[in-house]
Amino acid sequence: MSNTPAMAASRSGCCVTDRRYNRRPPPHGRTRTAAITGYYTEQAHCDAPQGGGNEIVDNQSDWIDNQERVIDALHKKALIMSVVTVQLGQCGNQVGQELFDVICSDARDVHRKTYRTVSCERFFRQTTQGDLEARAVLIDMEPKVINHSMSKAAKSGRWRYGETSHFSQKQGSGNNWANGYCVHGPRHRDAVEELVRREVEHCDMLAGFIPVMSVAGGTGSGVGTFVTQCLRDVYPSSFVLNHLTWPYGTGEVIVQNYNSVLTLAHLYQLSDAILVHENDIVHKICSQLLKIKQISFSDINRVIAHQLGGVLQPTLSTASCGAYSRHPIGELMSALACHPEYKLLSVCTIPQMASSSIPFSTFSWPALLKHLRQMLIANSKMEGGIDWQVCPPPASAGRSRSLSAGSFNTSLANLLILRGKDVYSAETGGFEDSAIYTSWLPPDEALSLWKSPVPFNKYEKSATLVSNSQALLRPLDDMVRKAWNMFASRAYIHQYVKFGISEEDFLDSFTSLEQVISSYSELQVPQLLQSLGVALSRGVYDGDDKVANHDKHHLLKHPRQPVVILEDPK
Amino acid sequence: MTQSIVVQVGQCGNQVGCRFWDLALREHAHVNKRGLYDEALSSFFRNVDPRKSDGGAFYVGGRIQHLKARAVLIDMEEGVVHGILQGPLREVFDSAQLLTDVSGSGNNWAVGNLRYGSAYRDSIVNKLRKAAEHCDCLQCFFLIHSMGGGTGSGLGTRVLSLLEEEFPDVCRIVTAMYPSAEDDVITSPYNSVLAMRELTEHADCVLPVENQSLVDIVNKISLMSHDAKPGSVLKKESTVTSGQGGVSPTERPFDAMNNIVANLLLNITSSSRFEGSLNMDLNEIAMNLVPFPRLHYLVPSLTPLYTLADVNIPTRRLDQMFSDAFSKEHQLIRADPKHSLYLACALMVRGNVQVSDLRRNIERLRPSLPFVSWNQEGWKTGLCSVPPVGHTHSLLALANNTCVKPTFMKLRDRFTKLYKKKAHLHHYLHVDGMEQNAFSEALSSLSALIEEYHHLDATKARLIPDAPRLSIAR
């Protein structure tokens, strides 16, 4: 056993050991799972059930206790990696506050000491008085929301934000991405970087960053994009997982589609993966599953926080071999972000119900997973109203799939997270069906499993699925379509030009998102085309072409029609 | 927290402004029970030390010592401003904030804009700068003036262009009072059209308010309070229906009308002053509602106006509030937005209203409201948790709608009627710097504006297909 924690750390290059010499932290572990968890492999394999685990233990509780002891023993030898959350704008600061609240109350509820330690170390630091302070930086261009979130946290009595880990200005970005990205972001760069650096130095080891923001407004989207860019510059080898809240389809902000397009196009170049919640769907969950009559934004944020918590709380993965995995973000990336062209992650969680109904409900893993699987393939991100007609195309007929199978949601990679009782008896075979996935990634690579015997946030059993699939294709396409329609009449463009974003910048963003849309649509289409014996190529968008020197009505008067050329493959 | 400065010009502007300060004080007194000078209060008021002549301002967080309005009062007669200084509101203004002359502008835009505008340029700029220096983050100027008179329209629009010169980055929101068709000022069409050109070119947003609509609303309110149905009670204490309870004890003739405009200003700023689950800052108004720089006329409507309190069916009452905001009776200009074309619409809600109420009502009303093809979902929403005094909730809708076109066309007709005969023209041309082409240029500016609305209206009936998307080569 020559492995010591220090060695483990140096192996993955993640340790901020000597703060005097590390004003700028060294490159952090953008290592893949093997390196991260390599430390455990030699000592832990015998004690922990592997992966799908067939162990049936009569006394579940004893077993968990035993399990906990094993995990505990392992953890004493390892440092736990921490996550720095960056809350941006009104939405980001509200969602972030709810997230920490869920994580803290979940960790408090359970008596599992190790789970609690890992969870707390991951998201909080302890002050000398023993209080928990969130590893978070709060950024907004106006003070009201930050003040509110900070006092709400302090009122909870369980945790709080650091006294000095927030930055606010007096005047908001006015829903203008350009104002946030070109003006406010650069102006406050130093202050924000300093706050982030201080927070990073508090971490023994940094797992990565989670910027939490919306895409509709100005501060979350514009400043958020800029800050993500700064994180990328200063911590080039750390993971950045952006959490985005997508606005209601029908307006919160009229220029939301412009702001979204600009945000997504830029983040696609900067972020390792983008985790998305759509307000419309979360709203539906609140009304149909949680039966809330008058839905407020805190209800919506709580659902988002619950789902995020379900992803980020400690789990055991197949690779972590019996210990809570140390590098939640790294493992999430290695499970899901397998190709730079595909970065959009959606989340769904089951069960979700009014807390008054929980005591009267029983959950079984087969039922939960059956529902969850259908939610995945029929692309309904909430339980209820699932289309049970959708089924994966039969493997043999895969080559003659018809276009009507379009409602089937093809996945690139999925991460299934199970928490609660009897978790090792859960049968997850349904998610290993090759028909769910693209042809170019084998299902055993495409599916990752994380498990934790500790029940999460009141639910005796719960399953969360993070999916890199076509699930976000339609809302993304809608967003781009609406923004493009608006752009065709040049409405609102003058507001962006004022702050330094030109029509060319818009066109670049549109182009890169069309590329993303096209890539995701093709997850299943190539097979189809091959079967038809044709290759499809369409009109080319040429950056130097007319588009670059269009006049105001150019695109209206001379629309470039897509050209479809059918070629013989030979 | 940001601050805003109110610049009130002319008789009408000062009367409206006066009601605004009265109601603003009352609103803050209602919300702020502890007598502390808080962030919300700081947006419109300074807290000064009365013992020091200047510079003795207190910071946010302390006790209220002596509140001074962030305002500049300009009139070319003495009557109204002096009336304010003898009234109960005298405490909130300093003499340094006032600018008056004795002779008035004689209902002549040119006198206000050019003669007084040049004579008082420096002192106006000084007073504006002084007011701005007292703010640590100045976000917005609210300019209030009429369109018909000489001082309001002439000097008011001169102040507007001075604001643009001196404070190019500060948002300029103009509340413009449009004259009724049967206005007693014969030259009001001239003044209005000349002023319109300035508004179109120099303002960020204009909130047009028509005298006649205010008269109609006030009449309807008094009618309802006289023969109220049994079971329904008119709320007496609401700020909309009465000025009672404020600082001014008695009501003057225009007070009821001016109250409505003052409420418009209170509601538009509520979300930037108070907390809410969906803030809507002042700089978001222009960002969301002005798709093209010149088309920045936002039709306001306020609900509830006719506060019939039927407490038994709260949800229906809430939904009714949303429906009312789109009815003709609640618009502050005489227009019918439902049968014109929406370019964008903002709903600024105050009180105990949640996002689900908002969504439900938007979904319900959307089918009946025509929106321009490229902005089918052109809704901007704000939720402020503090309701107006005497209400549980309220709604201000701001619509960028082509329904302003008829108002502008009527104005143009009245202008051309006079202009064809060159009637009263010599009064204007007497003034130094005023030339006849100012009239033709103002007219063509207005015609161009009407034409732009017309073009948009023309798209209404047609089904516009989606713009062809960029395609990606494989």
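Proteins get letters first, then strands, A, B, ... in listed order; numbering begins at 1 in each. Just the heavy atoms: all of them, side chains too, but no hydrogens, waters or symmetry mates, feed the values below.
Listed here is the closest heavy atom pair of A:Glu514 and B:Leu470: CD-O, 3.6 Å. Contact detail for B:Val355 and A:Ile295: the closest heavy-atom pair is CG1-O, 2.9 Å. Shown here for B:Arg469 and A:Asp477, the closest heavy-atom pair between the two residues is NH2-OD1, 2.6 Å. The minimum heavy-atom distance linking A:Ala491 with B:Phe292 is given by the pair CA-CE2, 3.6 Å. Nearest heavy-atom pair, A:Lys293 versus B:Ser356, reported as atom, atom and distance to 0.1 Å: O-OG, 3.9 Å.
A:Trp484 places a side-chain N or O within donor-acceptor distance of the main-chain N or O of B:Pro468, the cut-off being under 3.5 Å. A distance-only check finds a donor-acceptor pair linking the side chain of A:Gln90 to the backbone of B:Ser277 [under 3.5 Å]. In this structure, the side chain of A:Gln171 does not engage the main chain of B:Cys137 through any donor-acceptor pair within 3.5 Å. Under a 3.5 Å cut-off, the side chain of A:Gln495 and the backbone N or O of B:Ala286 do form a donor-acceptor pair. A distance-only check finds no donor-acceptor pair linking the side chain of A:Tyr492 to the backbone of B:Met287 [under 3.5 Å].
Within 6.0 Å of NZ on A:Lys482 lie more than 12 heavy atoms contributed by other residues, nucleotides or ligands. More than 12 heavy atoms of other residues, nucleotides or ligands shown are found within 6.0 angstrom of NE2 on A:His494.
At a 4.5 Å heavy-atom cutoff, the contact between B:Leu138 and chain A is made by backbone atoms alone. Both the backbone and the side chain of B:Leu289 come within less than 4.5 Å of a heavy atom of chain A. Only the side chain of A:Ile517 comes within contact range of chain B, with heavy atoms under 4.5 Å apart. Heavy atoms closer than 4.5 Å to chain B are found in the side chain of A:Glu142, but not in its backbone. At a 4.5 Å heavy-atom cutoff, B:Cys171 makes no contact with chain A through either its backbone or its side chain. The contact between A:Ser173 and chain B is made entirely by backbone atoms, counting heavy-atom distances below 4.5 Å. With a 4.5 Å cut-off on non-hydrogen atoms, B:Leu278 touches chain A through its backbone and its side chain both.
B:Ile362 has its side chain out of reach of A:Tyr248: every pair of non-hydrogen atoms, C-beta onward, lies at least 4.5 Å apart.
Comparing B:Asn288, B:Asn283, B:Leu358 by how many heavy-atom pairs each has under 4.5 Å with chain A, the most go to B:Asn288. Listed options B:Asn375, B:Asn279, B:Val353, B:Thr2 were ranked by heavy-atom pairs under 4.5 angstrom with chain A; first place goes to B:Asn279.
Here NZ of A:Lys170 is found 13.5 Å from CG of B:Asp281. Values are rounded to the nearest 0.5 Å. Atom CG in A:Asp280 sits 6.5 Å away from atom CZ in B:Arg359 (nearest 0.5 Å). Taking OG of B:Ser373 as the start and CE of A:Met486 as the end, the distance is 10.0 Å to the nearest 0.5 Å. For the atom pair CZ (A:Arg481) and CG (B:Asp466), the distance works out to 5.0 Å, reported to the nearest 0.5 Å. Taken to the nearest 0.5 Å, the CG atom of A:Asn485 stands 9.5 Å off from the CD atom of B:Gln376. From A:Ser489, atom OG reaches atom CG of B:Leu456 across 8.5 Å, with rounding to the nearest 0.5 Å.
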Check: Given B:Glu39 and A:Asn147, is the side chain to side chain contact (heavy atoms under 4.5 Å, CB included) satisfied, shown in steps?
Finding: CA-CA 12 Å; B:Glu39 294 267 8; A:Asn147 292 342; 5.7 Å; no

